[in-house]
Amino acid sequence: QVQMDESGGGVVQPGGSLQLSCATSGINFSRYNMAWFRRAPGKDREFVAGITRDSLTTSYADSVKGRFTISRDNLQSTLYLRMNSLKAEDTGVYYCARTVGVGLPSNPYEYDRWGQGTQVTVSS
């Protein structure tokens, strides 16, 4: 039974913080590199951050470097995204995803499993 459930989204003021979680089951979580994508209003999905299965390598979109931190707990099969200093342009639906490929691709077509998404709204 495959399950990928994002949580932690909400409404926050600019400059605020949120932590997103993606609880998974049935996807052999610890064997795969994982990533967060987001879909802003009126736009396609874009890569936000990725992490290798052993947590030794991370990758971030330029727009979130220094503000967001991706992490994972392989024992709990859970992926996290800590978001600090949030901006209005961070608004969107955030998705966790699994890739079967090597590395941390930014192309969403290289990811084969997706959660349903959680809404993040940054507004004053």
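Hydrogens, waters and symmetry mates play no part in the numbers below; they use all other heavy atoms, side chains included.
- Sorted by first and then second residue, the ring pair (Phe, Tyr, Trp, His ring centres under 6.0 Å) pairs involving residues 62-90 (not counting sequence neighbours) form an empty list.
- Heavy atoms from other residues, nucleotides or ligands lying under 6.0 Å from CG of Asp44 number 12 at most.
- A continuous path of ILVMFWY side-chain contacts below 4.5 Å connects Val2 to Met34, so both sit in one hydrophobic cluster.
- Contact check for Arg113 versus Met4: side-chain heavy atoms found under the 4.5 Å cut-off.
- Between Glu6 and Leu20 there is no side-chain heavy-atom pair separated by less than 4.5 Å.
- Residues Thr69 and Leu81 are not in side-chain contact: their nearest non-hydrogen atoms beyond the backbone lie 4.5 Å or more apart.
- Using a 4.5 Å cut-off on side-chain heavy atoms (C-beta onward), Val48 and Tyr60 make no contact.
- The residues Lys65 and Asp62 are annotated as salt-bridged, a charged nitrogen and a carboxylate oxygen being separated by less than 4.0 angstrom.
- Each disulfide bond (SG atoms under 2.5 Å apart) pair with one or both residues in residues 19-77, not counting sequence neighbours, appears once here: Cys22-Cys96.
- Residue pairs satisfying the side chain to side chain donor-acceptor pair (under 3.5 Å) criterion with at least one member in residues 14-32, sequence neighbours excluded, are listed as follows: Ser17-Asn84.
- Side-chain atoms of Thr121 and Gln119 form a donor-acceptor pair, as typed in the model, at a separation below 3.5 Å.
- For the pair Arg38 and Glu46, the salt-bridge criterion is met [side-chain N within less than 4.0 Å of a carboxylate O].
- Phe37 forms part of a hydrophobic cluster together with Phe47, Val93, Tyr95, Tyr111, Trp114, judged by ILVMFWY side-chain heavy-atom separations under 4.5 Å.
- Chaining together hydrophobic side chains whose heavy atoms lie under 4.5 Å apart leaves Leu104 on its own.
- Alongside Leu56, the hydrophobic cluster contains no other residue (criterion: ILVMFWY side chains under 4.5 Å).
- Shown here for Val122 and Thr91, the closest heavy-atom pair between the two residues is N-OG1, 2.9 Å.
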